[in-house]
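Numbers restart at 1 for each chain; the letters A, B, ... are given by sequence-line order, proteins then strands. Side chains included, hydrogens not; waters and symmetry mates left out as well; all remaining heavy atoms used.
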Amino acid sequence: MARPVVFVTDYGLQDEFVGVCHGVIAQIAPDVRVIDLTHAIPRQDVLRCALTLGRATRFMPDDAVYLAIVDPGVGSERRALAVRAASGALLVGPDNGVLSLGWQALGGAAAAVQITSEVVILHPVSPTFHGRDVFAPAAAHLASGHALETLGPLVEISSLVVCEVPGPMTAPGVIGARVVGIDGFGNVQLNVSAAEIAAAGLEGDHLTVSGRVLPRVRVFSDVADAAMAVIVDSQGYLAVVVNRGSAAGELNVTVGSTLVIE
Amino acid sequence: MARPVVFVTDYGLQDEFVGVCHGVIAQIAPDVRVIDLTHAIPRQDVLRCALTLGRATRFMPDDAVYLAIVDPGVGSERRALAVRAASGALLVGPDNGVLSLGWQALGGAAAAVQITSEVVILHPVSPTFHGRDVFAPAAAHLASGHALETLGPLVEISSLVVCEVPGPMTAPGVIGARVVGIDGFGNVQLNVSAAEIAAAGLEGDHLTVSGRVLPRVRVFSDVADAAMAVIVDSQGYLAVVVNRGSAAGELNVTVGSTLVIE
Amino acid sequence: MARPVVFVTDYGLQDEFVGVCHGVIAQIAPDVRVIDLTHAIPRQDVLRCALTLGRATRFMPDDAVYLAIVDPGVGSERRALAVRAASGALLVGPDNGVLSLGWQALGGAAAAVQITSEVVILHPVSPTFHGRDVFAPAAAHLASGHALETLGPLVEISSLVVCEVPGPMTAPGVIGARVVGIDGFGNVQLNVSAAEIAAAGLEGDHLTVSGRVLPRVRVFSDVADAAMAVIVDSQGYLAVVVNRGSAAGELNVTVGSTLVIE
């Protein structure tokens, strides 16, 4: 059986870009299953895509071929990559860091090639849509069993671009947290793990978040309607939530904002 | 062949929640086909999801495993359920009524279990994302052929939460209808069937809807551009429509609004 | 193996219409793969869907069954069609031109039938949802190997409705271009190919677009942040883009607007 392709991009679903890539994959590998992780990564937000990919690997098939495309440098000199992780999973995407948190979650990069094979790449290559002409075909070839090395020459793993994940700023009793995401419910996702909160000595029933004293709760149903609270989200990170409301709206924050937790 | 999973939630597609559940299903049952019924149920609208599920069963494969998640009480004491319908179809979701109109449409509930098996549930269980850790794994196990009883202990069918569907208020010659949905075209879906209109003696060519005299038409193409009309929708219920326009906008109604039909 | 179905509509993803059609296809043909090209065609924009379909065929499997539904005349006398292209690909949809640019891209229409078979059509047929009751079942029957002629009587190919694609207005040194689409990035797609620009003698490094002197660039990364430029898009047509911004917003154009290129 062909390996599944796990597909994540910032293409959105307003256009046919995702569907065209599905078609290209089906042309090359008719029986491949494609799992759309999400196509709503904010435009050109490489870090957000890398984080989403890295956190998702635990829930994806072991033999997955990850196809991750957020590519502000499409058509420039940035390399097109395929990477084999230590786990055996494969990753395909631009060499801008978007794959890096994925391979780190999968045991590290074991081998990497630059995708250059004229057999793999669709011609003429559009300078603006390498997802269709370079990355999707490469993922489909890998999914149908072709070896990594058939895609192009090996490249040094040490030369690959890696995402820097911003950590929280910590001091005894206080943490400066960054908003790394806002989900569709308006929940505000922070770059602070439950362990980091404990390490900063912030162990009480309540936390002060940018001046608001908020209860720490375990589940949404512990929060009164319209009340704000702090929760550990499904990934182990702190989130500020409003039951049946938008915490992001009430806190007036966006991705990249800083919140002080005391 | 594995049974297909029919998947409906209020997760939206802005985040990776749906994709992560697809991954979990593929981990457990690599060859299962997943049919995404919709993930745009309004947030926490259990009744709307139940109605959507109940009305869809007629068009889904007979051997489907329905996975329906709208779960305002996630992490509370509400039970996680798997239900076998009289038709043989299976349903998985929280015990808050979201499945009830599904099993009613499938001949009634024949057996139900609480999902507790440590073999099925993913650990650590997030208190906020049972879709990933409880429901998707349970559906995948059922789809790949495991018996309902392997998921956990039987529960009394009489103890299951059932949705109350609001009926219309009727009197001779007049009906008080509730808006139960507004689709993406702006069509206003009412909780009144064509049969109930006839029973109320409202058989003419026109109906007065909240003071507007509207023609009853069979198809959109019978409606003049920008004109408003009443139609029997694809589910057998009345809807108010505007050809190439939004009836909801013109009537200034939202879900839950009442319209008087005379 | 069943033939894949390539599915494109204006149904949107806010409702369950697309999911219900997937269910109908799976009832009839459980192992058919469905490729969702896009369901975000602007409401009732037959030409846009026809263009999207025609341009996508090159990237879809050769044995695809195209299911394209933008159907303002649903329930009227317009015919329901299934068409075999010279390439062997099949197309299913209303006889309003929506399929025409598809079969033209696939070598022309070789045979066409009107879908009338009582074995194929689901009853009762909703007057408003032929996607579910007529077109999806027909596509599923074709995908699972039934012959075109089993769907209904042959119709004259010369009688089929064909879309007129608006061409640009040209004069020596000047072209009046129409905006045919705006993608999710805000890029403005024009109905002028790179070849037509050359034919009009507009060969320089810059083009004047409605009074703005814009550089012609090959890739997005050649454009300074927030700057506007002209590019040849992934389909070979001119587009006006703003790097990390919306050209449509800055030019204040919508689909159908005219831009003068000098």
Side-chain angles (χ1 to χ4, degrees), chain A residues 1-9 12-14 18 31 33-42 48-49 51-53 55-64 66 181-187 189 194 217-223 225 231-237 239 241 243-246, chain B residues 1-2 4-5 7 9-34 36 38-46 70-78 94 96 122-137 140 184:
Chain A
M1 198 166 69
R3 302 170 69 146
V5 171
V6 175
F7 189 21
V8 55
T9 72
L13 296 175
Q14 302 95 312
V18 168
D31 60 341
R33 174 191 193 129
V34 180
I35 296 170
D36 292 294
L37 181 54
T38 180
H39 297 291
I41 299 291
R48 182 69 179 276
C49 188
L51 283 165
T52 299
L53 175 60
R55 293 174 176 186
T57 56
R58 191 157 73 86
F59 303 101
M60 299 292 134
D62 290 340
D63 61 345
Y66 294 92
I182 293 167
D183 73 17
F185 293 82
N187 299 324
Q189 303 164 332
V217 301
R218 203 179 62 87
V219 295
F220 286 107
S221 49
D222 291 344
V223 190
D225 263 23
I231 206 163
V232 177
D233 73 12
S234 62
Q235 297 287 350
Y237 287 83
V241 305
N243 195 15
R244 301 177 187 253
S246 166
Chain B
M1 198 166 68
V5 171
F7 190 20
T9 72
D10 66 349
Y11 289 161
L13 296 175
Q14 304 93 316
D15 305 296
E16 71 274 22
F17 304 135
V18 168
V20 166
C21 290
H22 276 251
V24 167
I25 293 169
Q27 277 186 332
I28 295 166
D31 60 340
V32 167
R33 173 191 193 127
V34 181
D36 292 295
T38 180
H39 297 290
I41 298 291
R43 302 281 184 211
Q44 308 196 330
D45 191 339
V46 172
V70 174
D71 194 11
V74 62
S76 70
E77 294 304 305
R78 69 99 189 86
N96 61 13
L122 300 190
H123 289 277
V125 176
S126 161
T128 60
F129 196 4
H130 286 193
R132 180 190 72 191
D133 296 333
V134 178
F135 298 119

Considering only heavy atoms, which portion of [X] lies under 4.5 Å from any heavy atom of chain B: side chain, backbone, both, or neither?
X: A/Arg218; answer: both
X: A/Ile41; answer: neither
X: A/Leu37; answer: both
X: A/Asp222; answer: neither
X: A/Ile182; answer: backbone

How close do [X] and [Y] get, heavy atom to heavy atom, and via which atoms?
X: B/Gln27; Y: A/Phe59; answer: NE2-C, 3.4 Å
X: A/Met60; Y: B/Val20; answer: CE-CA, 3.6 Å
X: B/Thr128; Y: A/Asp233; answer: OG1-C, 4.2 Å
X: B/Ala26; Y: A/Pro61; answer: CB-CG, 3.7 Å
X: B/Asp10; Y: A/Phe185; answer: O-CZ, 3.9 Å

Heavy-atom pair count under 4.5 Å with chain B, highest-scoring of [options]:
options: A/Ser234, A/Gly181, A/Ala40; result: A/Ser234
options: A/Arg58, A/Arg33, A/Arg55; result: A/Arg33
options: A/Asp62, A/Ile35, A/Val232; result: A/Ile35

| said: Quick one, A/Asp183 and B/Tyr11 - any side-chain contact, counting heavy atoms below 4.5 Å? | reply: no
| task | Using ring pair (Phe, Tyr, Trp, His ring centres under 6.0 Å) as the criterion, list what pairs up with B/Phe7, not counting sequence neighbours. | result | B/His22, B/His39
| note | Heaviest contributor of heavy-atom pairs below 4.5 Å to chain A, chosen from B/Gln44, B/Gln14, B/Arg132, is B/Arg132
| In terms of heavy-atom proximity below 4.5 Å to chain A, should B/Leu122 be classed as side chain, backbone, both, or neither? | side chain
| Quick one: side chain to side chain donor-acceptor pair (under 3.5 Å) partners of B/Arg78, sequence neighbours excluded? | B/Asp71, B/His130
